[in-house]
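Reminder, nothing fancy here: chain letters follow the sequence lines and each chain counts from 1.
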Amino acid sequence: MALQIYNTLTGNKEEFVPVEPGRVKMYVCGITVYDLCHIGHARSAIVFDVICRFLTSLGYQVFYVRNFTDIDDKILRRAAAEGVDYRRVSERFIRAFHEDMQSLGLLPPALEPLATEHIPEMIEIVRRLVEKGVAYKAGTDVYFGVELFSGYGKLSGRELEDMVAGARVEVDENKRNPMDFVLWKGSKPGEPAWESPWGPGRPGWHIECSAMARKYLGAPFDIHGGGKDLVFPHHENEIAQAEAAFDAPFARYWVHNGFVNIDNEKMSKSLGNFITIRDVLDSVHPESLRLFVISKHYRSPVDFSDETVGEAERGLERLYSTLEAATQRSANGRNDDYPDEILKKQDVELFEKLESLPALFSEAMNNDFNTAQAVGYIFALQRNLQRFLDKFGRKNLKGPCARLAALSADCLQKHCQVMGLLMVDPEVFFERQRTLKLKTTGMSEDEVRDLIERRHKARIEKDFAEADRIRKQLEEKRIQLEDFPEGTKWRVGLQP
RNA sequence: GGCGGCAUACCCAAGUGGCAAGGGAGCGGUCUGCAAAACCGUUAUACAGCGGUUCAAAUCCGCUUGCCGCCUCCA
């Protein structure tokens, strides 16, 4: 089955056909840089990261652009509050954003253009709109006349009359229609300003995306993405500006991700119930957060809590644990070659899961990026692989068994990596996991090691009462010991 | 007031006409000095309620109830 994408513009899943064969041009609305990012931003970034990785895995060359809106009222307000130039604010949060995205393990876009570096392009669009009579100057501002663009409302699926009837529109005497929106804002004294045919000012909110998307991706380009809340007015207005200015379709597939909720309520800066990315990553591995996000379909809302993220974390540990065991124990013979019939004989069910995963995975992902279903198939392979390993106790595998386990582990990892999971060596993962979790227990690694050593001595002396006392002492700090022939490992359990 | 979405086991969650994926948690067992992890078994005659279409519906249609989002800055 070919890739189907749900298109907000039509309200249907549609077969994806790129404008240019073999290439995908994708524009995702980035952030307005006036504060730290929260996990809603993380979800959006992860969703489009997975889309980008999957498209790449299909063989497309993906040209991914994600902008920064670095001039806006909120930035100016914050700069004023701090008594600094607005650029100090935007630069600081761009840096923070990059740190967050890197922590999340996201592929960097090909381009990250800044609004303030594209003022001439924006002025050009406004100029065209004014020339065509679709925009008008009122006072020191220039507005887009929504009634003058026949397609207005096609993305969000609403009629102008209905929106006006909603009555929650700001009163502005300059506007001819209450739904008209500003393209160019005359600057007030002390505000940053650029010269324009309408006097000194700065661009309105939506225009930068129309300008930058067109400049770097042409028209129409393939995928335009962002959070659901951008459908209206941001994306609706982008379409209106771009299509009215150039008389050409703007973007083909509009992809919008659902929100992150806290206690079943939308998380947002305005509600003040938001959790920043760095707060979460302080105690949660980025891949745990990623698995949490992709365990649900991207268009549905998702409820964030320590519990739901904890579940994802347990699942991820399982994946890594199986990967580690399979890799280590199949080292002898992983490169030997055997005919399929021989491999199949070692474990029919595992062999069949291994054989079928690629097709099932593609089918799920081709169906509007159904990562939740894809994850389900991956766990099915994981379970069969772990079961197969367990059949041999703790022994290393040899011959066709080793080969089958190695192929399964590779398959597992390969498909996970399309979604940005299992990106590091299991040992590195577990080490990081311990460090992250240990912080929440108030114990140091040396203390833990010391106690383990003392317990080890007690066990040699068959002083099991003392050994169990130490185990219990550690368990009270949520540190769980696991005895292996080669030594004792430990892990930190979830917070209650 | 307008527009849209959602309702699947204890929790999370996939499933758009043909025997209800997957994860977490629980319970019983195997393993273990004791554990943990892992594995095995087990947990929805049933998909908010009612009615309809169909040989066949969680899936399509209608109504009802409940929750959420957008219409204002927001990923």
Short heteroatom pairs, N/O only, protein and nucleotides 66-68 of chain B, under 3.5 Å:
| from | atom 1 | to | atom 2 | distance (Å) |
| --- | --- | --- | --- | --- |
| B:C67 | O2' | A:Asn264 | ND2 | 3.2 |

* Asked: If you check every side-chain atom of A:Ala467, which of B:G24, B:C34, B:G33 has the closest atom?
  -> B:G33
* Does the A:Arg78 side chain pair with the main chain of A:Tyr34, one donor and one acceptor, at a distance under 3.5 Å? -> yes
* If you pin A:Arg491 and A:Asp468 to their nearest nucleotides in RNA chain B, which one's is more 5'? -> A:Asp468
* Asked: Nearest of B:A75, B:U16, B:C73 to any side-chain atom of A:Lys13?
  -> B:U16
* To do: With P as the reference atom in both, quote the distance from B:A56 to B:G51 in angstrom, rounded to an integer.
  => 16 Å
* Asked: Base, sugar-phosphate, or nothing: which does A:Gly258 touch, judged by heavy atoms less than 4.0 Å apart?
  -> base
* For atom NZ of A:Lys185 and atom P of B:C73, their distance in whole Å -> 9 Å
* Structure fact -> Looking only at B:G33, B:C73, B:A38, the nucleotide nearest the A:Arg459 side chain is B:G33
* Asked: At under 4.0 Å between heavy atoms, what does A:Ala372 touch on the DNA or RNA strands: base, sugar-phosphate, or nothing?
  -> base
* Do side-chain atoms of A:Asp368 reach the backbone of A:Tyr6 as a donor and acceptor pair under 3.5 angstrom? -> yes
* What's the closest nucleotide to the A:Glu482 side chain, out of B:A36, B:G23, B:A38? -> B:A36
* How are the rings of A:Phe429 and A:Tyr320 set to each other: parallel, tilted or perpendicular (split at 30° and 60°)? -> parallel
* Counting distance only, does the side-chain N/O of A:His41 pair as donor-acceptor with the main-chain N or O of A:Cys37 below 3.5 Å? -> no
* To do: Anything under 30° is parallel, anything over 60° is perpendicular, the rest tilted; go ahead and classify A:Phe274 against A:His38.
  => tilted
* To do: Check the distance between B:U32's P and A:Lys462's NZ and give it to me in whole angstrom.
  => 14 Å
* Asked: Counting side-chain heavy atoms from C-beta on, which of B:C40, B:A14, B:C39 comes nearest to A:Asn370?
  -> B:A14
* NA contact type, A:Arg314, heavy-atom cut-off 4.0 Å: base, sugar-phosphate, or nothing? -> sugar-phosphate
* For B:A13 and B:G23, measure between their P atoms and round to the nearest Å. => 16 Å
* Measure from CG on A:Leu104 to C1' on B:A75 and round the result to the nearest Å. => 13 Å
* Structure fact -> A:Arg318 has its side chain closest, among B:A14, B:A36, B:G24, to B:G24
* Structure fact -> Of A:Glu475 and A:His41, the one whose closest nucleotide on RNA chain B sits nearer the 5' end is A:Glu475
* Kindly assign one of parallel, tilted or perpendicular to the pair A:Tyr253 and A:Phe16, based on the angle between their ring planes and the thresholds 30° and 60°. => tilted
* Asked: What nucleic acid atoms does A:Leu230 come within less than 4.0 Å of, heavy atoms only: base, sugar-phosphate, or nothing?
  -> sugar-phosphate
* With centres under 5.5 Å and planes under 30°, do A:Phe464 and B:G33 count as stacked? -> yes
* Is the A:Tyr64 to A:Phe48 ring centre distance short of 6.0 Å? -> no
* Would you classify A:His256 as touching base, sugar-phosphate or nothing, given that sugar-phosphate means primed atoms plus P, OP1 and OP2, and contacts are heavy atoms under 4.0 Å? => nothing
* To do: Using only heavy-atom distances, determine whether the side chains of A:Asn370 and A:Tyr298 contain a donor-acceptor pair under 3.5 Å.
  => no
* To do: Classify the nucleic acid contact of A:Val260 as base, sugar-phosphate or nothing, counting any heavy atom under 4.0 Å across all strands shown.
  => base
* **Structure string for RNA chain B in dot-bracket form, Watson-Crick and G-U at under 3.5 Å, | interchain** => ((((((((.[[[..)..(...]]]((((((.......))))))....[[[[[..)....]]]]])))))))....
* Roughly how many Å is it from CD in A:Glu313 to P in B:A37, rounded to a whole number? -> 14 Å
* **Aromatic ring pairing A:His256/A:His235, orientation class (parallel under 30°, perpendicular over 60°, tilted between)** => tilted
* C1' atom, B:A21 versus B:A58: distance in rounded Å? -> 14 Å
* Working to the nearest 0.5 Å, report the span between CD1 of A:Ile223 and CH2 of A:Trp254. => 12.0 Å
* On a whole-Å scale, what distance lies between the C1' atoms belonging to B:G49 and B:C55? -> 26 Å
* Separation of the P atoms in B:A7 and B:A48, to the nearest angstrom -> 8 Å
* Verify the contact: side-chain N or O of A:Arg383 to OP1 or OP2 of B:G22, cut-off strictly under 4.0 Å; return yes or no. => yes
* Pair A:Glu236 + A:Lys154, salt bridge at N-O below 4.0 Å -> no
* Can you tell me how far C1' in B:A44 sits from the matching atom in B:C12, rounded to whole Å? -> 15 Å
* **Whole-Å distance separating the CG atom of A:Asp368 from the C1' atom of B:U16** => 13 Å
* How far does the P atom of B:G22 sit from the matching atom of B:C31, given to the nearest Å? -> 27 Å
* Asked: Between B:A75, B:G23, B:C73, which nucleotide has the shortest distance from any of its atoms to the side chain of A:Met267?
  -> B:A75
* Asked: Hey, does the side chain of A:Lys266 reach the backbone of A:Val260 with a donor-acceptor pair shorter than 3.5 angstrom?
  -> no
* **Within residues 145-156 of chain A: residues closer than 4.0 Å to RNA chain B (heavy atoms)** => none
* Just how far, in rounded Å, is P of B:A37 from CZ of A:Arg471? -> 11 Å
* Could you state the CZ-C1' distance from A:Arg387 to B:G41, rounded to the nearest angstrom? -> 12 Å
* With distance as the sole criterion, do the side chain of A:Glu311 and the base of B:G23 form a donor-acceptor contact below 3.5 Å? -> yes
* For the residue pair A:Phe250 and A:His224, does the interplanar ring angle fall in the parallel (under 30°), tilted (30 to 60°) or perpendicular (over 60°) class? -> tilted
* Asked: A:Arg299 CZ to B:G4 P: how many Å, rounded?
  -> 15 Å
* **Touch class at under 4.0 angstrom, heavy-atom based, for A:Phe259 against every strand present** => base
* **Nearest-Å distance once atom C1' is located in both B:U42 and B:A9** => 13 Å
* Looking at the side chain of A:Asp162, which of B:G2, B:A14, B:A38 is the nearest nucleotide? -> B:G2
* **Distance, nearest 0.5 Å, that separates CD of A:Glu313 from CG of A:Leu291** => 10.0 Å
* A:Arg66 side chain to A:Leu111 main-chain N or O, any donor-acceptor pair under 3.5 Å? -> no
* Give one of base, sugar-phosphate or nothing for A:Arg455, where a contact means two heavy atoms less than 4.0 Å apart. => base
* **Ring centre gap for A:Phe181 and A:Phe144 strictly below 6.0 Å** => yes
* Structure fact -> Testing B:A38, B:A25, B:A75 for proximity to the side chain of A:Asp390, the answer is B:A38
* Asked: Looking at B:A14, B:C11, B:C71, which one has an atom nearest to any side-chain atom of A:Lys296?
  -> B:A14
* Any N or O donor-acceptor pair linking the side chain of A:Asp483 to the base of B:C34 at under 3.5 Å? -> yes
